[in-house]
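Here is the structure we will look at.
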Amino acid sequence: MKQPEALLEVRDLHKWFPLRRRLLSRAREVVKAVDGVSFDVRRGEVLSLVGESGSGKSTVGRSVLRLTVPTAGTIRFAGTDITHFSRRQMRPFRQRMQLVFQDPYASLNPRMTVEGILAAPLEIHGRAASRSDRRDKIEEALRLVGLLPQHAARYPHEFSGGQRQRIGIARALMTGPELLIADEPVSALDVSIQAQVVNLLVELKRRLGLTILFVAHDLAVVGHISDRIAVMYLGRLVELAETRELFGNPRHPYTEALLSAAPIPDPTFKRERIVLAGDIPSPVNPPSGCSFRTRCPYALPACGEARPPLREVAPGHFKACIRDDLRLRAPG
Amino acid sequence: MTSPVGAIDGPPAKPALTSRWDSPALRRFRRHRLAVFGAVTILVLTLACIVGPFLLPFTDTFIDIRQRFAPPLSGAHVLGTDQLGRDMLARLLMAGRISLAVGFAAMAISMVIGVCVGLVAGYYGGAIGAVLMRFVDAMLCFPSIFLLLAVSAFIHPGVETIILLIAFTAWMEVARIVEAQIKALRERDFAVAAEALGASDARVMIRELLPNAIAPIVVAATLNVAHAILAESYISFLGYGIQPPTPSWGNMLDNAQGYLTSAPWLAMLPGAMITLAVTSFNFIGDGLRDALDPRTDAR
């Protein structure tokens, strides 16, 4: 079997945000939002990036799109190193990688009609040959996401959350991107609408041959859509595996805890839920060694000594944990 | 089961707009009684000032000493005459031309300056924003009326110089409003989306951000007209502004000072015009604020 090529290669990505220096304090504190993350997104796959709030998963997405300048590391898109590209150099790549936002209320300009919103990508990249071509392309995009051509004349506030998210997806598709970065695209929606939007993304991926980097905090949503899942904790990857493998055979205690927290739609099913103590530690001052050890039920003194590297423990299954002796529980 | 990507119901269909008069913004504006009153007043006032002087039997400079201090509604002079026997109505309308023109022109110039400074400062932030906004703060430190008086003492007073003077002392508030708006708006996801699409700075500023700041800008603009009319009145009242024989509401008030008890209409009429114009603009600003927000209907 031929290994599909990597559309996106992220190597040792760091993004540190400096904090405002306090008066009379010499130390310059930084928030290590992303602290050494490496992964590939293969052409045509859906890779999910999962983690709780503050794990840096959204920052990874924004860095990949070069909406923020990475502190260190490299980002290669389709073989081109775009890590230090200027805005001018990024322009042609902007058509090839697009973003779907979490909040469908904030991500659409309230002063523009849907037509205006969808025309912007065409205008910016000069992709509409004529007025009628422009209208055709907008109509096609609306149909593609399950909306009607007559919706083009409306303003975003006239739509529901799910419909707005469809408009956001349509905008991202206007330039015919290869890579779609979906930054928690369903976490702001009602549960009943979530499935619709996830199914829409799956359908679009199949029809348009998209590659998707899906950022989420909810493993249940992710399991349905992803080929592979990467679990993030405090700016680092702790586990990366194929979806089936990760759900069936988690190797990192944090993944185990996340899996045990995902709801199962069966009220009679009793499961021991692993409740992690405390909050995610501050990324300004992460724990030494393994950053998860402060909340890990299996932590040993040795966990504090060195940062565990992400290593391959089975074909295609990576984890960053020194304890290979654990038998972790998989759900179901 | 229906296809998950099948068409879903949109918002209920609305009847197509039959004309511009049915636009939702205008409908919201019309609901605002005082704003409509203000708009009608300004419209009538402006039309009267433009057309009126051509229709009157007297010009504003025609002196008739025999008819001095004729009270309103007595004889040929509908609103009476002043100490030189000049027709008050003709003078008020000619003065209105000057005062309204000064108000609109000063507003337009101050808006251009304020919006540009605020847009650049709010969008780029950092050192550029800090320098610009500290300059705005410094300008705000001058009490504008004294600044106006000090500068007009050096410059030969005239309509153009008065307009420029008022504009240069009135743009800072607008700059602050725009800067605050743009700063907040540029963090919003739709601005990030435009950036992710590769939009230029100018496009993001003008197409994406500025339209979202339009409501406070328009409100500031109408208030600025009111402010400019008032400022022109102060300066002219104090004798540094529009110079007689060119009438303005402000110098008519100045002129009326000596006859407050004997001919009170000389002060009351231009005073009423100033009040009417200023309040009308304030009402319009209020109405526009509601009308320009497309979310008012959704609630």
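Sequence lines set the chain letters: A, B, ... in the order given, protein chains first and strands last, and positions in each chain run from 1.
Salt bridge annotation for B:Arg207-A:Glu123: present, with a cationic side-chain nitrogen under 4.0 angstrom from a carboxylate oxygen.
Ranked by heavy-atom pairs shorter than 4.5 Å toward chain B, the options A:Gln95, A:Arg91, A:Arg66, A:Gln98 are led by A:Gln98. Comparing A:Ile124, A:Val100, A:Val197, A:Val202 by heavy-atom pairs within less than 4.5 Å of chain B, the highest count is held by A:Ile124. Most heavy-atom pairs under 4.5 Å with chain A, from the set B:Val192, B:Asp189, B:Ile214: that is B:Asp189. Note on A:Pro92, A:Gly116, A:Ala120: by heavy-atom pairs under 4.5 Å with chain B, the leading option is A:Ala120. Contacts with chain A were tallied for B:Ser200, B:Ala193, B:Ala194; B:Ala193 has the most, counting heavy-atom pairs under 4.5 Å.
Neither the backbone nor the side chain of B:Leu185 comes within contact range of chain A; no heavy atom of the residue lies under 4.5 Å from a heavy atom of that chain. Residue A:Met90 does not touch chain B at all, counting heavy-atom pairs closer than 4.5 Å. Only the side chain of A:Arg62 comes within contact range of chain B, with heavy atoms under 4.5 Å apart. If you measure heavy-atom distances from A:Leu67 to chain B, the contacts under 4.5 Å come from both the backbone and the side chain.
Counting heavy atoms of neighbouring residues, nucleotides and ligands inside a 6.0 Å radius, atom CD of A:Gln150 exceeds 12 of them. Heavy atoms of other residues, nucleotides or ligands lying less than 6.0 angstrom from NZ of B:Lys183 number 12 at most.
Between A:Pro110 and B:Asn212, the closest heavy-atom pair is CG-OD1, 3.1 Å. Looking at every heavy atom in both residues, A:Arg87 comes nearest to B:Ala199 through NH2-O, 3.0 Å.
A:Arg94 is not listed as a side-chain neighbour of B:Leu197, based on a closest heavy-atom distance of 4.5 Å or more.
A distance of 12.5 Å separates CG in B:Leu209 from CZ in A:Arg111, rounded to the nearest 0.5 Å.
Within the 3.5 Å criterion, the main-chain N or O of B:Glu208 finds a donor-acceptor partner in the side chain of A:Asn109.
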